[in-house]
Amino acid sequence: MPSLRLACAALLALCVPLAQPALGQTVKVTPLGGIAGEFCPQDRALVFEDPNGTRVLYDPGRTVAGANDPRLGKIDVILVSHMHGDHVGNAHNKEPNAGSCAQPDLSVSALPNTSAVNIALAKKSKIVTGSEMPPFFAAKLKANGGDPANSILARFGGSVTVGGVRIATVTAMHSNGVDPDYIGGELGKAMKDAGIAGDVGLATGYVLKFSNGLVAYLSGDTGITADQDLAVRGHYGAKLAVMNIGDGFTTGPAEAAYVINELVKPASVIASHANEVGTVDGKVRPGSKTEAFIKAVKVPVHVPLSGRTMEFDAAAKCTAGC
Ligand SMILES: [Zn+2]
């Protein structure tokens, strides 16, 4: 039946490309760090832009100069891995590139709101978090005239899809106390005097699936966990990893390299949260943790130079900007 076969072939040619993620499309990843072209101690913030235009800000931290930072543009979704000030943003620079790489400007307080909330209010972004963080963010949005419904839950094992990007949270072995400075009043003062933080559940990492098919793991601050093998690789099949390497507070370079080489096994990695001057004139600094991590990892490691956009295809191959 040659005519039927021809018809089938023609149909397939028409329909298959529509059913598959478009292979030529890339996810753009832009670090919003402390100093343009460098990888500096406070750098955490990354903007992921889906091929469909959805823009996701991960851990704004202290290097996004508040809601007015001109590098932000449209922000549809804000992700906060956990409540520590260097991730949620307790303070920030007064403008991009203020201060130096070694001594960043952190002169603008974001208390009691957090920088994440201030950006969400200005950009009308959704804040997607796990554990028991959503009610905290909902209350902050409401207290500042925003819409509490913009704080959305994605607890372990579940996921939400916002703007065509599927967002799931995964375990991160870390702590997640709310600093009493965000609570304020008599309660905040009493907690501060007692040396205790507010409880909003466990810290998290994220797994994102973009509309081109790319699956990305964002480690957050974490130690080595069995879930990096079982959930992040085994279930979600992450191909790109953003891995925190700073040591002391989170995996150091050797532990982070083990996570990448033996557990997550992605196709490529973006180093993050080095807590050091990682680069000088855009080149990895000899003797740095960043260098040790790159040397220990078996797949390409991309250094997040502030303002330099990297593009990744569905297989997490960097196709531009690396
Ligand atoms: Zn932390």
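Because the structure is a prediction, the values reported are computed rather than measured. Remember, it's 1-based here, ligands and their atoms both numbered in the order they're listed.
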Taking only Lys NZ, Arg NE, NH1 and NH2, and the carboxylate oxygens of Asp or Glu, determine whether Arg233 and Asp229 approach each other closer than 4.0 Å.
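Salt bridge: yes.
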
Run the salt-bridge test on Glu262 and Lys298 with the 4.0 Å N-O cut-off and return the result as yes or no.
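Yes, charged N to carboxylate O under 4.0 Å.
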
Could you please tell me which protein N, O or S atoms lie under 2.8 Å from the Zn ion (ligand 1)?
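Under 2.8 Å from the Zn ion (ligand 1) - ignoring waters, which are not counted - the protein N, O or S atoms are His82 NE2, His84 ND1, His174 NE2, Asp221 OD2.
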
Answer with yes or no after comparing the ring centroid distance for His84 and Phe249 against a 6.0 Å cut-off, counting only values under it.
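No, the ring centres sit 6.0 Å or more apart.
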
So, Tyr217 versus Tyr236, ring centres under 6.0 angstrom or not?
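When the ring centroids of Tyr217 and Tyr236 are compared, they turn out to be at least 6.0 Å apart.
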
Taking side chain as C-beta onward, heavy atoms only, is His273 less than 4.5 Å from Met243?
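Not touching, per the 4.5 Å side-chain cut-off.
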
Mind checking side chain to side chain contact (heavy atoms under 4.5 Å, CB included) for Arg308 and listing every partner two or more places apart, or none if nothing turns up?
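So Arg308 forms a side chain to side chain contact (heavy atoms under 4.5 Å, CB included) with Leu305, Met310.
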
